[in-house]
Amino acid sequence: YPFKESILSALEFCDEFILLYADSKDDTEQELAKLAHEHPKIRLIKTEWDKGTKQKGERLKLLADEAMSYCQGDWVMQIQADEIYHERDYLHLRELIKQYQQTEVNAFAFPILHFYGSYENVVSKAGFQIGWYQKCIRLSRRETFHHIDDAWTMAGTGKIIEEAIP
């Protein structure tokens, strides 16, 4: 996964970046430490990968919720290691938070582009019929939403805006 690119793509609109990681057999831990040293917003928290978790994706959900529990801001943005945010979206994301800060809105669902095999192959909207999701909640008020399934989205209480990023 392009985890370094993923992390760097989110830093511009985050006040803090909580990253849980477990033991790795490659140089991931050293690369994360290097990134955290270069970018003080990144807070690394070592955790255990529970191999005894039986349900598909359950461990990812639990780890994502654990990471959210360390967040201190009013809003939480979730990003997975295979996701990238475009720099043109930074201002828009901050404006959404500012616009809806004093409202009943608790979360935003964003469209997701899935690439298959290469950057030239984008899964079409028809992919929804065979399990490719088209939107997911990635931005929510802290402590109002939790992750579901394998942390591909969140569920919770309050109003959700299905906001298209221009």
Side-chain angles (χ1 to χ4, degrees), residues 1-21 28-29 31-47 57 60-116 119 122-125 127-128 132-166:
Y1 293 118
F3 70 90
K4 288 190 272 187
E5 292 83 357
S6 179
I7 293 165
L8 293 172
S9 80
L11 285 181
E12 288 300 317
F13 58 84
C14 294
D15 296 327
E16 63 177 343
F17 191 98
I18 306 298
L19 194 145
L20 265 62
Y21 69 98
T28 301
E29 192 170 342
E31 290 297 318
L32 292 174
K34 188 170 145 183
L35 274 174
H37 179 74
E38 293 169 359
H39 304 278
K41 290 181 183 182
I42 299 173
R43 186 168 147 210
L44 299 178
I45 301 169
K46 191 162 188 171
T47 190
L60 292 174
K61 174 183 81 93
L62 294 172
L63 288 171
D65 283 343
E66 181 183 347
M68 278 194 351
S69 75
Y70 291 106
C71 295
Q72 298 176 25
D74 294 334
W75 291 86
V76 176
M77 183 78 171
Q78 187 227 354
I79 187 167
Q80 294 189 0
D82 63 346
E83 297 176 347
I84 305 287
Y85 288 93
H86 195 280
E87 59 267 10
R88 73 171 180 251
D89 297 330
Y90 301 156
L91 182 59
H92 183 68
L93 290 168
R94 287 200 176 273
E95 288 299 319
L96 283 175
I97 291 170
K98 185 177 177 183
Q99 178 182 350
Y100 290 99
Q101 185 66 30
Q102 303 300 325
T103 70
E104 297 175 4
V105 172
N106 280 348
F108 297 91
F110 298 111
I112 299 291
L113 292 177
H114 296 279
F115 297 95
Y116 184 76
Y119 294 119
V122 179
V123 175
S124 71
K125 291 187 184 210
F128 179 75
W132 293 90
Y133 53 90
Q134 303 296 306
K135 290 185 179 183
C136 61
I137 296 170
R138 285 289 186 262
L139 177 61
S140 68
R141 286 186 198 270
R142 186 169 50 95
E143 299 179 356
T144 62
F145 275 66
H146 62 276
H147 294 87
I148 62 171
D149 300 327
D150 64 353
W152 73 270
T153 192
M154 294 186 262
T157 59
K159 187 174 180 180
I160 300 169
I161 300 286
E162 294 200 12
E163 180 67 40
I165 295 178

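Separating the CG atom in L62 from the CG atom in L20 is a distance of 11.5 Å, to the nearest 0.5 Å. Distance check, rounded to the nearest 0.5 Å: NE2 of H146 to CD1 of I137 gives 10.0 Å. With values rounded to the nearest 0.5 angstrom, I18 atom CD1 is found 5.0 Å from C71 atom SG.
R141 is linked by a side chain to side chain donor-acceptor pair (under 3.5 Å) to N106, counting only residues two or more places apart in sequence or in another chain. Residues satisfying the side chain to side chain contact (heavy atoms under 4.5 Å, CB included) test with S6, not counting sequence neighbours, are I79, I84. Taking I97 as the reference, W75, Q101, L139 meet the side chain to side chain contact (heavy atoms under 4.5 Å, CB included) condition, with sequence neighbours excluded. Residues satisfying the ring-ring contact (aromatic ring centres under 6.0 Å, His included) criterion with Y70, sequence neighbours excluded, are absent altogether. For F17, the ring-ring contact (aromatic ring centres under 6.0 Å, His included) test picks out no residue, with sequence neighbours left out. In terms of the side chain to side chain donor-acceptor pair (under 3.5 Å) criterion, D150 has no residue partners (sequence neighbours excluded). Partners of Q99 under the side chain to side chain donor-acceptor pair (under 3.5 Å) rule, at least two apart in sequence or in another chain, do not exist in this structure. Residues that satisfy the side chain to side chain contact (heavy atoms under 4.5 Å, CB included) test with E95, not counting sequence neighbours, are L91, K98. For Q80, the side chain to side chain contact (heavy atoms under 4.5 Å, CB included) partners at least two apart in sequence or on another chain are Q78, D82, E83, R138, A151.
For Y90 and Y85, the gap between ring centers reaches or exceeds 6.0 Å.
Under the 4.5 Å side-chain criterion, counting only non-hydrogen atoms from C-beta, F3 is in contact with E31. Here the side chains of M68 and E143 are not in contact, with every heavy-atom distance at 4.5 Å or above. Side-chain contact between D149 and K61 is absent, with no heavy atoms from C-beta onward closer than 4.5 Å. Using a 4.5 Å heavy-atom threshold, the side chains of I161 and L96 count as separate. Between E162 and K135, the closest side-chain pair of non-hydrogen atoms falls below 4.5 Å. Side chains of F13 and M77 form a contact here, defined as non-hydrogen atoms less than 4.5 Å apart. Between L63 and E66, some side-chain heavy-atom pair lies under the 4.5 Å cut-off.
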Enumerate donor-acceptor pairs with a distance under 3.5 Å from any side-chain N or O in residues 36-46 to protein atoms, sequence neighbours excluded.
residue	atom	partner	partner atom	Å
K41	NZ	L11	O	2.7
K41	NZ	C14	O	2.8
K46	NZ	D23	OD1	2.8

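Checked by atom type, the side-chain pair D65/H147 shows a donor-acceptor distance below 3.5 Å.
Using modelled atom types, no side-chain atom of S140 and backbone atom of F145 make a donor-acceptor pair closer than 3.5 Å. In this structure a side-chain-to-backbone donor-acceptor pair under 3.5 Å is present from R142 to G73.
Listed by first and then second residue, the salt bridge (Lys or Arg N to Asp or Glu O under 4.0 Å) pairs that reach into residues 8-21 are D15-R94, sequence neighbours excluded.
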